[in-house]
There are 2 protein chains.
Amino acid sequence: MAPSSAREKIIHAAMELFWLKGYNSTSIADLLSRTQLNSGSLYHVFPSKQDVLIGVLEAYRDGIEEMLLAPAWGEIDDPIEKIFALLNAYRAMIVESDCAYGCPIGSLALELHEPDLQVRELLAHNFTKWTAAIELCIEAAGKRLPRGVDKVALAQFVLTAMEGGVMQARTHRDVAYFDRTIAQLRAHFDLLQATAKAKA
Amino acid sequence: MAPSSAREKIIHAAMELFWLKGYNSTSIADLLSRTQLNSGSLYHVFPSKQDVLIGVLEAYRDGIEEMLLAPAWGEIDDPIEKIFALLNAYRAMIVESDCAYGCPIGSLALELHEPDLQVRELLAHNFTKWTAAIELCIEAAGKRLPRGVDKVALAQFVLTAMEGGVMQARTHRDVAYFDRTIAQLRAHFDLLQATAKAKA
DNA sequence: CCGTTGTTTGAACGATCAATCAACATCGAT
DNA sequence: ATCGATGTTGATTGATCGTTCAAACAACGG
C-alpha cells in the first residue's frame, strides 16, 4: 500500500465510517483519530464535512465497476446470473457484518433527510449507474425475456429488491429476509423467461 | 380535539418530526418548541430521548390498523386490490411531501445504525405487523395465486417493493421511480395469477 | 388551613460538535 | 542560502446537544 495522500486517507476512512455509523453519527474527530491527521489538515483538503461526504459519494460512483461489479462477476458470463451474482455480493456483505450493515448508498439516501442538491444528485447518480449496469444485463439476456418488458423498470426493480431486502435483513438481524426477497425476484425472472419461451 | 396529555403531545410531535427530520436530527429543543412544553415536563414523562422513540414506535405499531390500513382500504374488498391500495396510500404520502419523505419506519430502520435491542425489536415488530396484514390479503386471494406460493416471502416482497420504491423516489425526487416499482410488482402478481389459472 | 402528592418551571451543566486560524514545518526553485 | 508555496499543527471557539434539579406551583383530602 503506497503512502496515500491526506485526501485519500480521509476518503478511505470516511467510506468505512459512514457505512458503519452513518454520516451524522460520524464526527470529524472520528475521522481524525482514524486517519491520524489533525483537524487543520482535513479542513485544508475539505472545506466542510459535507465535502467529505461528496468525496465519498464520488468515490463510490467512480469505483462501482472495479470495486463492486468486477469482483462480483468474476468469470460469470450469463447475463441473468450476473444480476443474481451481484445480489449475492450484497448478501456476503450482510453476512460479514452480522446483518448490521447494508448498502452504503441506500443508508445514506435515507439518513440524509434534506440533502443539498449536489449530494442528492450524487446519490441519484450512484443509483443510476447501478441500475444501468443491471440494464445492460437485461439487454444482454435478449429473447430470454419477453419482448415488451420495460427494461428500465425491471432494472430499477432489481435495485428495489436489493435495498428492501437489505433493510429487512438489517432490521430483523436475519439474512433469511434478504434471501426470501431474492427468491421472489428469482421467481419473477423465471416467470418472465417462461412467458418469453411460451410466446416464441 | 380534546386537551391531550403531555405524553400525547410529545408522541404526536415526535412522530411528525422524526418523520420529517429523522431521529438524530430532531433535538429535544425541537420537541419542546413544537409542544410548548419545558424540558422538565418532557423528562418527567420520558426518561430519555430514546424513550420518546420507543413511544413513537409503539404508537405506530398499535395504530397500524386504524391509522394506515383502514384509511387505505376504505370500501375495497378484493384482497389483491387491497395490497395495491395500501401501496397507493404510500404513493400519496410521497406526492404530498414532494418526494421528500417516505415510510417513517423504513427511514428510522436505516438511520439508526446500532439501535438498542428494544428499539430494533420494535422496528422489526412494525415490519412484521405490516407484512402480516399483506399475508392475510394473500391468503384471502386463495386460488387466484398458485398453490405452492410462499405467502410469507411474497408478503415480505411487497414490503420490499414499497421500501425500495420509496427510497428511489425520494432520492430522485420523482414518484415515477415508485410507480415503476409498483408496476413491476403488479406484473409479478399478474404472472402469478396467470400461472394459477393455467394450472387449474 | 395545612400537608401531601404530583407536575411544571427554566436556568444551568458538561459533553460534544463542526469549524477556525495564527504559528510552524517542509521543500522545490532560484 | 533564500524565498514563496504548500501543507500541517492543535488549542480554541461558539453553538448545540441531551440531561438535571432545586424551587415553585397545582390539586385535593382531611
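Residue numbering restarts at 1 for every chain, and letters A, B, ... go by the order of the sequence lines. In this text, all values refer to a predicted model and were calculated from it rather than measured experimentally.
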[Y] ring centre to [X] NZ or CZ under 6.0 Å, with the angle to the axis within 45°?
X	Y	result
Lys129(B)	Tyr60(B)	no
Arg180(A)	Tyr177(A)	yes
Lys21(A)	Tyr101(A)	no

In whole Å, I'd like the distance from the [atom1] atom of [X] to the [atom2] atom of [N].
X	N	atom1	atom2	value
Arg7(A)	dG7(D)	CZ	P	12 Å
Leu42(B)	dT7(C)	CG	P	15 Å
Phe46(A)	dT8(D)	CZ	C1'	16 Å

Practice problem: Indicate whether OP1 or OP2 belonging to dG10(D) is found under 4.0 Å from a side-chain N or O atom of Asn38(A). | Solution: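 Asn38(A) to dG10(D) OP1/OP2: side-chain N or O found under 4.0 Å.
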Quiz item: Within the structure, does a side-chain N or O atom of His44(A) lie under 4.0 Å from either OP1 or OP2 of dT8(D)?
Solution: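 It does not, given that no N or O in the side chain of His44(A) lies less than 4.0 Å from OP1 or OP2 of dT8(D).
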Extract all donor-acceptor atom pairs below 3.5 Å that involve side chains of residues 158-165 of chain A and protein atoms in other chains or at least two apart in sequence.
unit_1    : atom_1 : unit_2    : atom_2 : d
Thr160(A) : OG1    : Gln156(A) : O      : 3.2
Thr160(A) : OG1    : Gln168(B) : NE2    : 2.7
Thr160(A) : OG1    : Thr181(B) : OG1    : 2.9

Exercise. Would you confirm whether the ring centroid of Phe189(B) sits within less than 6.0 angstrom of the ring centroid of Phe84(B)?
Key: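 Yes; Phe189(B) has its ring centre under 6.0 Å from that of Phe84(B).
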Quiz item: Is there a path from Leu191(A) to Leu154(B) through hydrophobic residues (I, L, V, M, F, W, Y) whose side chains come within less than 4.5 Å of each other?
Solution: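 Both belong to a single hydrophobic cluster.
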Quiz item: Quick one: what's the B/S/- string for nucleotides 14-21 of chain D, heavy-atom cutoff under 4.0 Å, read 5' to 3'?
Solution: ---SSBBB
Quiz prompt | Sidechain N-carboxylate O distance under 4.0 Å for Arg186(A), Glu81(A) | solution = yes
Practice problem: Strictly below 4.0 Å, heavy-atom distances to any atom of DNA chain D: list the hits from residues 12-19 of chain A, or just say none. | Solution: none
Quiz item: Is the number of heavy atoms from other residues, nucleotides or ligands under 6.0 Å of Glu58(A) CD greater than 12?
Solution: yes
